[in-house]
Amino acid sequence: MAEYRTIKAQKLTDVIYAIAKAGGSTDREAELVSTNLVEANLKGHDSHGVGMIPRYAEAVSEGGLAVNQHVKIVMDTGPLLTLDGLTGYGQVMGHEAMELGAERAKRNGVCVVGLSNSHHIGRIGHWAEQCIDHGLVSIHFVNVISRPIVAPWGGSDARHGTNPFCVGIPRKGKEPIVLDFATSKIAQGKTRVAHNKGVELEPGTIIDNEGKPTTNPRYTVIAPHGAILPFGEHKGSGLALVCEILGGALSGGEVVKGPADGKRRVLNGMLSIIIDPNKLGTGENLAREVESFVAWHTGSPPAPGVDKVKIAGDPERETKTKRLAEGIPIDPNTWQEILDAGKRFGLDQAAIEKIVS
């Protein structure tokens, strides 16, 4: 087995860029895909990082992921924007959708963006951060059309995806608040990472194919499949239900209606509400009150074993600082899958190893 390796962010970006290019993407598309995936790794979300490129390559080969697409505007009234992702790379669809939505939010004060039929849009916090760069608050509801992987509260098999929820709040001169989580106990990709590393999951995270508790991640990766449990019991399950309907149906797309069709594609729908605080007339109030609450929130005496009370987004920023300095760890199985993805597009192992050497 290949050695566990640590790769500098830029070299890893270059590898994913080369694979995407070999798969037929333009320079711009390859750039958006590679930088997005590596940013997820930098922020500690390996589940949404470069380990996704093998699945993307399979989806391109099957025809479930269309290269070099751009969002299609279905309806545009200014404050309301409906977009079709045309099964294109989610890294492109998400970027274009947020740029269109941000421009309209700054003009009108708010923009509700319905994005449907996009291939995997990755870490949702990335889109909140894009809105934050424009000085905008954003709320995102997302559904997943793929093999169902999460059980509803009280259920014993998988009925929907990990259905993320995300909120981004800018802060003047300070690091923003970025709340971004799957409505499952853990992201599906994290179970894949655990399987590739050969480690067990925490008890109470997943069930096996008979609906019984297990810690073996193989039940989320290899048939017969089990399911991930919802976070927060009925509360997380309820939020997942809302994300499915708002992200999938209200956006103009589909919801999960049955078991997997065997295809490798992952389609997302996302409903985003983007708000300009200044247009709302509360920009100064927001800035002042955010700092008051953050100070009160983080001022709580740390519990035993905790160094400090953090805000949403802090752990990701700390991980990014560390990984920019030390490199991004890639387990042997994931690295082999990346090599195989390159090979699928005619990029041999020697070419990839040359990039990271």
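Predicted model, so just to flag it, every value in this text is computed and none were measured.
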**Asked** side-chain contact (heavy atoms from CB on, under 4.5 Å) between Ile328 and Val50: does it pass, once the steps are laid out?
**Response** CA-CA 10 Å; Ile328 296 169; Val50 298; 5.9 Å; no
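- Side chain of Lys8 to backbone of Ala325: a donor-acceptor contact under 3.5 angstrom is found.
- Hydrophobic clustering (ILVMFWY, side-chain heavy atoms < 4.5 Å, transitive): Ile124 and Val113 are in one cluster.
- Hydrophobic clustering (ILVMFWY, side-chain heavy atoms < 4.5 Å, transitive): Val356 and Leu347 are in one cluster.
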**Request:** Could you give me the CA-CA distance, side-chain angles and deciding distance for Val309 and His297, then say whether side-chain contact (heavy atoms from CB on, under 4.5 Å) is met?
**Result:** CA-CA 8 Å; Val309 176; His297 174 88; 4.0 Å; yes
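- With respect to Glu96 and Arg28, no salt bridge is recorded, no charged nitrogen being found less than 4.0 Å from a carboxylate O.
- Using modelled atom types, no side-chain atom of Ser237 and backbone atom of His234 make a donor-acceptor pair closer than 3.5 Å.
- Side-chain contact check for Ile245 versus Leu250: every heavy-atom pair is 4.5 Å or farther apart.
- In this structure, Met93 CE and Leu267 CG are separated by 11.5 Å, a value rounded to the nearest 0.5 Å.
- Here Arg107 pairs with Glu103 in a salt bridge; the nearest charged N to carboxylate O distance falls below 4.0 Å.
- In terms of heavy atoms, Thr162 sits closest to Val144 at N-CG2, 4.1 Å.
- A donor-acceptor pair is defined here as one N or O able to donate and one able to accept, closer than 3.5 Å; no such pair exists between the side chain of Asp331 and the backbone of Val193.
- Between Ile355 and Val15, the shortest heavy-atom contact is CG2-CG2, 3.7 Å.
- Atom CZ of Arg159 has 12 or fewer neighbouring heavy atoms from other residues, nucleotides or ligands inside a 6.0 Å radius.
- For the pair Tyr219/Asn209, a side-chain contact is recorded, criterion being any heavy-atom separation below 4.5 Å from C-beta on.
- Within the structure, side-chain hydrogen bond (donor to acceptor under 3.5 Å, both in side chains) contacts touching residues 246-269 (residues at least two apart or in different chains) are Glu58-Arg264.
- Taking CG from Leu12 and CD1 from Ile7, the interatomic distance works out to 5.0 Å, rounded to the nearest 0.5 Å.
- Side chains of Asn196 and Thr334: a donor on one and an acceptor on the other come within 3.5 Å.
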**Message:** salt bridge (Lys or Arg N to Asp or Glu O under 4.0 Å), that's the test. Do Asp340 and Lys343 meet it? Break it down for me.
**Reply:** CA-CA 5 Å; Asp340 292 342; Lys343 186 177 180 181; over 6 Å; no
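- With hydrogens and angles ignored, the 3.5 Å screen pairs a side-chain donor or acceptor of Thr26 with a backbone N or O of Glu29.
- Closest of all the heavy-atom pairs between Pro164 and Cys243 is O-SG, 3.5 Å.
- Pro224 is listed as a side-chain neighbour of Arg218, based on a closest heavy-atom distance under 4.5 Å.
- Ala9 and Leu324 get closest at one heavy-atom pair: CB-CD2, 4.2 Å.
- Distance check: Asp46 CG to Met52 CE gives 12.5 Å after rounding to the nearest 0.5 Å.
- Closest non-hydrogen pair, His48 versus Ala187, comes out as CE1-CB, 3.9 Å.
- Applying the side-chain hydrogen bond (donor to acceptor under 3.5 Å, both in side chains) rule to pairs touching residues 131-155 yields Arg55-Ser146, Glu99-His134, Lys106-His134, Ser138-His140, His140-Ser272, Asn143-Glu244, sequence neighbours excluded.
- Taking both residues in full, the closest heavy atoms of Val178 and Ala128 are given as CG1-CB, 4.5 Å, listed atom of the first, atom of the second, then distance.
- Residues Val38 and Ile338 fall within the same hydrophobic cluster, defined by Ile, Leu, Val, Met, Phe, Trp and Tyr side chains chained together at heavy-atom separations under 4.5 Å.
- To the nearest 0.5 Å, atom OG1 of residue Thr319 and atom CD of residue Glu326 are 10.5 Å apart.
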**Request:** Test salt bridge (Lys or Arg N to Asp or Glu O under 4.0 Å) on Glu316 and Lys320 and set out the steps.
**Result:** CA-CA 6 Å; Glu316 288 82 359; Lys320 182 174 180 177; over 6 Å; no
**Step-by-step side-chain contact (heavy atoms from CB on, under 4.5 Å) determination, Ile274 to Met98** = CA-CA 9 Å; Ile274 307 173; Met98 292 304 98; 4.1 Å; yes
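- Contact check for Pro176 versus Arg317: side-chain heavy atoms found under the 4.5 Å cut-off.
- Between Arg344 and Val60, every side-chain heavy-atom pair lies at or beyond the 4.5 Å cut-off.
- Within a 6.0 Å sphere centred on NZ of Lys310, other residues, nucleotides and ligands contribute more than 12 heavy atoms.
- By the 4.0 Å N-to-carboxylate-O rule, Lys11 lies too far from Asp14 to be salt-bridged with it.
- No hydrogens or angles considered: nothing links the side chains of Tyr89 and Asn68 as a donor-acceptor pair under 3.5 Å.
- The cluster map of Ile, Leu, Val, Met, Phe, Trp and Tyr, joined by side-chain heavy atoms under 4.5 Å apart, puts Leu32 and Trp127 in the same cluster.
- Aromatic ring orientation, Phe181 versus Phe165: tilted (interplanar angle from 30° to 60°).
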**Request:** Under the salt bridge (Lys or Arg N to Asp or Glu O under 4.0 Å) rule, what do Glu202 and Lys190 come out as? Steps first, then yes or no, please.
**Result:** CA-CA 12 Å; Glu202 289 290 325; Lys190 283 184 167 57; over 6 Å; no
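- Two residues are said to be in side-chain contact when any heavy atoms from C-beta on lie closer than 4.5 Å; Tyr17 and Lys21 meet this criterion.
- Shown here is Glu284, whose CD atom has no more than 12 heavy atoms of other residues, nucleotides or ligands within 6.0 Å.
- Side-chain heavy atoms closer than 4.5 Å link hydrophobic residues (I, L, V, M, F, W, Y) into clusters, and following such links, even through other members, never connects Val142 to Val167.
- With values rounded to the nearest 0.5 angstrom, Glu200 atom CD is found 3.5 Å from Thr215 atom OG1.
- In this structure, the side chain of Asn108 does not engage the main chain of Val110 through any donor-acceptor pair within 3.5 Å.
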**Request:** Check step by step if side-chain contact (heavy atoms from CB on, under 4.5 Å) holds for Val294 and Lys174.
**Result:** CA-CA 11 Å; Val294 167; Lys174 296 187 179 180; over 6 Å; no
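- Atom CD1 of Ile19 and atom CG of Leu339 lie 7.5 Å apart (nearest 0.5 Å).
- Between Lys43 and Asp180, none of the side-chain N atoms (NZ, or NE/NH1/NH2) sits under 4.0 Å from a carboxylate O, so this pair counts as no salt bridge.
- Proximity of Ile73 to Leu83: side-chain heavy atoms (C-beta onward) are separated by under 4.5 Å at one or more points.
- The main-chain N or O of Ile311 is found under 3.5 Å from a side-chain atom of Asp314 such that the two form a donor-acceptor pair.
- Of the charged side-chain nitrogens involved, at least one lies within less than 4.0 Å of a carboxylate oxygen, so that Asp76 and Arg104 count as a salt-bridged pair.
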**Request:** Any chance you could lay out the ring-ring contact (aromatic ring centres under 6.0 Å, His included) test for His95 and His126, step after step, and finish with the verdict?
**Result:** CA-CA 9 Å; His95 177 80; His126 194 94; 8.2 Å; no
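- Between Asn333 and Glu337, the side chains place no donor N or O within less than 3.5 Å of an acceptor N or O (distance only, hydrogens not considered).
- In this structure, the side chains of Thr191 and Ile228 come closer than 4.5 Å at one or more pairs of heavy atoms.
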